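Presented below is the structure to which this report refers.
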Amino acid sequence: MKTGSFFKLLLAIILYTGGALSDTLSINPDEIIGKWHTTELHPDQGNIETIFIINADNTFSGTMTINNVPAWQYAGTWTLKGNQITWVYLESNIILLQEDKQDTDVILSVSDAALTYRSLRRGKESTLQRVK
């Protein structure tokens, strides 16, 4: 796998989302604030674990490990309009292509336990678990 493809895969794992949603859904920003976690077993890369922190000041940060080895650290800002959240990556320890520095997801559901979303670019659904 080429290095660029590998890093696109890393970014995709964080941002992938999918599913159907009403355009009228409005998400309360307070509901998404917090620390979130996901683990995925990737057929080529192995165990991928992500910690994602969404702050009340419209910033976010996160880390990704692959097989317990640090692979990516990132941070940026977010804006929420209705059920669409846009992420702008301002910091990354890997070089991001220009088109990967901003991404928009549709929040499908959020609860005390989980946040499910779908990427407008990729269309795959993903769920994060809240860390208490």
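The shown structure was predicted, so the numbers you read here are calculated from the model rather than taken from an experiment. Residue numbers run from 1 in the order of the sequence given.
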Distance-only, no hydrogens or angles: does the S92 side chain make a donor-acceptor pair with backbone N or O of I95 under 3.5 Å?
no
Validation row: N55, I33 side chains within 4.5 angstrom (heavy atoms)
no
Taking it one step at a time, do D103 and R122 satisfy salt bridge (charged side-chain N to carboxylate O under 4.0 Å, His left out)?
CA-CA 10 Å; D103 204 6; R122 296 173 189 88; 2.8 Å; yes
When rounded to the nearest 0.5 angstrom, what distance separates CG in L80 from CD in E31?
10.0 Å
Could you give the distance from CG (N47) to CD (E40), rounded to the nearest 0.5 Å?
9.5 Å
Any chance you could lay out the side chain to side chain contact (heavy atoms under 4.5 Å, CB included) test for T39 and I48, step after step, and finish with the verdict?
CA-CA 6 Å; T39 301; I48 300 172; over 6 Å; no
Under the side chain to side chain contact (heavy atoms under 4.5 Å, CB included) criterion, do E99 and R121 qualify, and how do the steps go?
CA-CA 10 Å; E99 63 264 22; R121 284 177 57 195; 4.1 Å; yes
Counting the benzene-type ring for Trp, do W87 and Y89 have ring centres under 6.0 Å apart?
no
Partners meeting side-chain hydrogen bond (donor to acceptor under 3.5 Å, both in side chains) with N67 (sequence neighbours left out)
none
Which value, rounded to the nearest 0.5 Å, describes the distance between T65 atom OG1 and I51 atom CD1?
8.0 Å
Single-linkage hydrophobic cluster L25~L128, side-chain heavy atoms < 4.5 angstrom:
yes
Could you go step by step and tell me if E125 and L108 meet the side chain to side chain contact (heavy atoms under 4.5 Å, CB included) rule?
CA-CA 9 Å; E125 184 177 313; L108 304 173; 3.6 Å; yes
Does a sphere of radius 6.0 Å around CG in D57 hold more than 12 heavy atoms from other residues, nucleotides or ligands, not counting ones at 6.0 Å or beyond?
yes
Test item: side-chain donor near acceptor, T127 and T116, under 3.5 Å
yes
Output the distance between atom OH (Y74) and atom CG (D100), rounded to the nearest 0.5 Å.
13.5 Å
For N58, all residues meeting side chain to side chain contact (heavy atoms under 4.5 Å, CB included), sequence neighbours excluded:
W78
Can you check side chain to side chain contact (heavy atoms under 4.5 Å, CB included) on W72 and L96, steps first, answer last?
CA-CA 11 Å; W72 188 26; L96 298 177; 4.1 Å; yes
Quick one about T77 and T59 (side-chain donor to acceptor, distance below 3.5 Å, no hydrogens or angles considered), yes or no?
no
Are the side chains of I54 and W36 in contact, using a 4.5 Å heavy-atom criterion?
yes
Does a side-chain heavy-atom distance below 4.5 Å link L115 with I32?
yes
Look up atom CG in D105 and atom CG in L120, then write down how far apart they are to the nearest 0.5 Å.
7.0 Å
Under a 3.5 Å distance rule, please check whether R130 uses its side chain to pair with a backbone N or O of D112 as donor and acceptor.
yes
What distance separates M64 CE from F52 CZ, expressed to the nearest 0.5 Å?
10.5 Å
Taking only residues two or more places apart in sequence or in another chain, which ones pass side chain to side chain contact (heavy atoms under 4.5 Å, CB included) with S61?
I53, A75
